[in-house]
Amino acid sequence: FRRVLFRSSIKPQRGLTDGALPLPSSARAPVAAALTADLAGPVVLIAPRMDRVHTLAQELGSWDSEINILVLPEPDPLFYEPLPWGEQTRLQRAEILSLLARGDKLNDTILLTTVHSLMTATLSPDQMRAHSRLLRSHAVFEVQELLDFLVGTGYEPASIVTIPGQFSRRGGILDVWSNSSDSPVRLEFFGDQIDSLRKFDPASQRSLEAVEELWLSPAREGIPSLMAETPEHESELNEFYLPWINPTGCGFLDYLADRATVLLDGIASIESVSNELEAQAVEMRERSEELNSDAPRGYLTIEELREGLDRL
């Protein structure tokens, strides 16, 4: 399926490729749901725009309520637009990229995203893994080192932890809500040893069941500890400077292993949106007063997307 249905489909100078099998719009959700249930590893469904992603998510849930549906949102600003990404967008994207970077199998999972997300330059999987930590009960971990790690990977200090991406310290107790966890976790230290890890209720703040380990992944793609080499700026704009952090031009497709099955929802529409976004990016860069001539390119080209799809 992965080679016949949607192989090598983004080519701006051509229309539908010989290897593609076009499906009517009404058939795409049931086919995608069936593939998700039957194939090992994640299925990735790429739509032209976010409104179509939301429609597909509803349809997929109706066809198979057992599959896990994840949405990788696209950044709010256009390429080269110096505006902050929304908080929920930052958290969701970092969570999904972390899951893929650490090699989670993600069976019975379909991941929905857009061509804008595909074109967005981001951290490499190696960078994402290097800025993640696995904490285990009874492991030795200096508290201050852990606090520095949390700040350096985008977590925000708070008086109490109520949402993902926050942490709070009270003496030998550290509360943190990793974006890779469905609930916050309370770490109790005895000196520099993690004495226990327990989930807790963010509403009542009461401790719940014990856990043996906690995976801490970056709370945002614009990792603060990597910002030293970028132009001086406000932290809200960290994601704008992702091309400086990783000038090699990594994108979402670099996170997909060979086990992923990639489907394209409307090849002609995806080609059209890709061309539109690239034209906007070129225009935005030409009139930008904040970018000099040697600033790295802030997006992946259509040709790079095609090559990325060919590698899968």
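Below, all heavy atoms of this structure are taken into account, side chains as well, without hydrogens, waters or symmetry copies. We're numbering straight along the sequence, starting at 1. Quick caveat: nothing in here was measured; it's all calculated off a predicted structure.
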Query raised in the report: Taking C-beta and beyond as the side chain, do I67 and D64 meet within less than 4.5 Å on heavy atoms?
Result: yes
Query - Distance-only side-chain donor-acceptor flag, S217 / S98, under 3.5 Å - result: yes
Query - Close aromatic pair by centroid cut-off 6.0 Å: Y155 and F167 - result: no
Requested in this report: In plain terms, say whether D175 and R169 are close enough for a salt bridge, that is, a side-chain N and a carboxylate O under 4.0 Å apart.
Outcome: no
Query raised in the report: salt bridge (Lys or Arg N to Asp or Glu O under 4.0 Å) between R133 and E213: does it pass, once the steps are laid out?
Result: CA-CA 10 Å; R133 296 288 184 274; E213 60 185 34; over 6 Å; no
Query raised in the report: Does a side-chain N-to-carboxylate-O contact under 4.0 Å join D104 and R102?
Result: yes
Requested in this report: Determine yes or no for a side-chain-to-main-chain donor-acceptor pair under 3.5 angstrom, with T261 supplying the side chain and V43 the backbone.
Outcome: no
Query - Exercise: do T120 and T122 side chains pair donor with acceptor under 3.5 Å - result: no
Query raised in the report: Hey, is E87 close enough to R90 for a salt bridge, meaning N to O under 4.0 Å?
Result: no
Report summary line: Between S183 and S181, the two heavy atoms sitting closest are O-OG, 2.7 Å
Query raised in the report: Rounded to the nearest 0.5 Å, what separation is found between the CG atom of L305 and the OG atom of S274?
Result: 6.0 Å
Requested in this report: Flag yes if more than 12 heavy atoms outside W215 fall under 6.0 Å of its CH2 atom; otherwise flag no.
Outcome: yes
Requested in this report: Determine, using the 4.5 Å side-chain heavy-atom cutoff (strictly less than), whether L242 and L291 are members of one ILVMFWY cluster.
Outcome: yes
Query - Residue pair D254 / P125: nearest heavy atoms and the distance that separates them - result: O-CG, 3.6 Å
Requested in this report: Would you confirm whether Y255, through its side chain, and L99, through its main-chain N or O, come within 3.5 Å as a donor-acceptor pair?
Outcome: no
Report summary line: Rounded to the nearest 0.5 Å, the CG atom of D108 sits from the CD1 atom of I69 at a distance of 12.0 Å
Query raised in the report: If only atom types and distance count, is the side chain of E81 paired as donor or acceptor with the main-chain N or O of L78 below 3.5 Å?
Result: yes
Query raised in the report: So T113 and V71, side-chain contact (heavy atoms from CB on, under 4.5 Å) or not? Walk me through it.
Result: CA-CA 6 Å; T113 193; V71 173; over 6 Å; no
Query raised in the report: When rounded to the nearest 0.5 angstrom, what is the spacing between CG in D265 and CG in L112?
Result: 9.5 Å
Report task. For N107 and G41, indicate whether the former's side chain and the latter's backbone hold a donor-acceptor pair under 3.5 Å. Result -> yes
Report task. Please check if any side-chain donor atom of D148 sits under 3.5 Å from a side-chain acceptor atom of Q144, or the reverse. Result -> yes
**Report entry** Lys/Arg-Asp/Glu bridge criterion (N-O < 4.0 Å) met for D201, R206
**Finding:** no
Query raised in the report: Are more than 12 heavy atoms from other residues, nucleotides or ligands located less than 6.0 Å from atom CZ of R136?
Result: no
Query raised in the report: Taking the side chain from E278 and the backbone from N275, do they hold a donor-acceptor pair closer than 3.5 Å?
Result: no
Report summary line: Between A29 and E59, the two heavy atoms sitting closest are CB-OE1, 3.4 Å
Query raised in the report: Can you tell me how far the CG atom of D76 sits from the NE2 atom of H116, to the nearest 0.5 Å?
Result: 9.0 Å
Requested in this report: Take L111 and L45 through the side-chain contact (heavy atoms from CB on, under 4.5 Å) test and state the conclusion after the steps.
Outcome: CA-CA 6 Å; L111 201 161; L45 178 51; over 6 Å; no
**Report entry** Step-by-step side-chain contact (heavy atoms from CB on, under 4.5 Å) determination, Q280 to F79
**Finding:** CA-CA 8 Å; Q280 289 173 340; F79 300 125; over 6 Å; no
Query raised in the report: Linking I/L/V/M/F/W/Y whenever any side-chain heavy atoms sit under 4.5 Å apart, do F240 and I245 land together?
Result: yes
Query raised in the report: How about F149 and H131: are their ring centres within less than 6.0 Å of each other?
Result: no
Query raised in the report: Under 4.0 Å between a Lys/Arg side-chain N and an Asp/Glu carboxylate O for R297 and E304?
Result: yes
Query raised in the report: What's the spacing between T55 OG1 and R28 CZ if we round to 0.5 Å?
Result: 12.5 Å
Query raised in the report: Is W244 linked to M284 within one hydrophobic cluster, defined over Ile, Leu, Val, Met, Phe, Trp and Tyr using a side-chain heavy-atom separation of less than 4.5 Å?
Result: yes
Query raised in the report: Would you say N238's side chain and G222's backbone share a donor-acceptor pair under 3.5 angstrom?
Result: yes
Report task. Please check if L56 and L35 belong to a single hydrophobic cluster, counting links between Ile, Leu, Val, Met, Phe, Trp and Tyr side chain heavy atoms closer than 4.5 Å. Result -> yes
**Report entry** Side chain proximity check, V44 to F252, heavy atoms < 4.5 angstrom
**Finding:** yes
**Report entry** Derivation and outcome, side-chain contact (heavy atoms from CB on, under 4.5 Å), residues I194 and H138
**Finding:** CA-CA 5 Å; I194 301 175; H138 306 302; over 6 Å; no
Query raised in the report: Would E95 and R220 pass as an ion pair if we require N to O under 4.0 Å?
Result: no
Requested in this report: Search all heavy atoms of R186 against all heavy atoms of S207 and return the closest pair with its distance.
Outcome: NH1-OG, 3.0 Å
Query raised in the report: If only atom types and distance count, is the side chain of Q205 paired as donor or acceptor with the main-chain N or O of V161 below 3.5 Å?
Result: yes
Query - Y80 and its side chain to side chain donor-acceptor pair (under 3.5 Å) partner, picked from E286, R285, R287, E283 - result: R285
Query raised in the report: Under 3.5 Å, side chain of T36 to main-chain N/O of I110, donor-acceptor pair present?
Result: no
Query raised in the report: Same cluster or not: are W177 and F189 linked, directly or through other Ile, Leu, Val, Met, Phe, Trp or Tyr residues, by side-chain heavy atoms under 4.5 angstrom apart?
Result: no
Query raised in the report: If every non-hydrogen atom of R93 is compared with every non-hydrogen atom of P75, which pair is closest and at what distance?
Result: NH1-CD, 4.0 Å
Query raised in the report: Going from CD1 on I173 to OG on S196, what distance comes out if it is rounded to the nearest 0.5 angstrom?
Result: 8.5 Å
Query raised in the report: Minimum heavy-atom separation for L187 to L146, with atom names?
Result: CD2-CD2, 4.2 Å
Report task. State, yes or no, whether a side-chain contact exists between R52 and S25 at a heavy-atom distance under 4.5 Å. Result -> yes
Requested in this report: Verify whether one side chain among N246 and T248 offers a donor that lies under 3.5 Å from an acceptor in the other.
Outcome: yes
**Report entry** Distance-only side-chain donor-acceptor flag, S137 / E212, under 3.5 Å
**Finding:** no
**Report entry** Donor-acceptor pair, side chain of S269 and main chain of I267, under 3.5 angstrom
**Finding:** no
Query raised in the report: Less than 4.5 Å apart, any side-chain heavy atom of L174 and any of L147?
Result: yes
**Report entry** R198 to F200, cation-pi by 6.0 Å centre distance and 45° axis angle
**Finding:** no
Query raised in the report: Between the side chains of T114 and E74, is a donor N or O closer than 3.5 angstrom to an acceptor N or O?
Result: yes
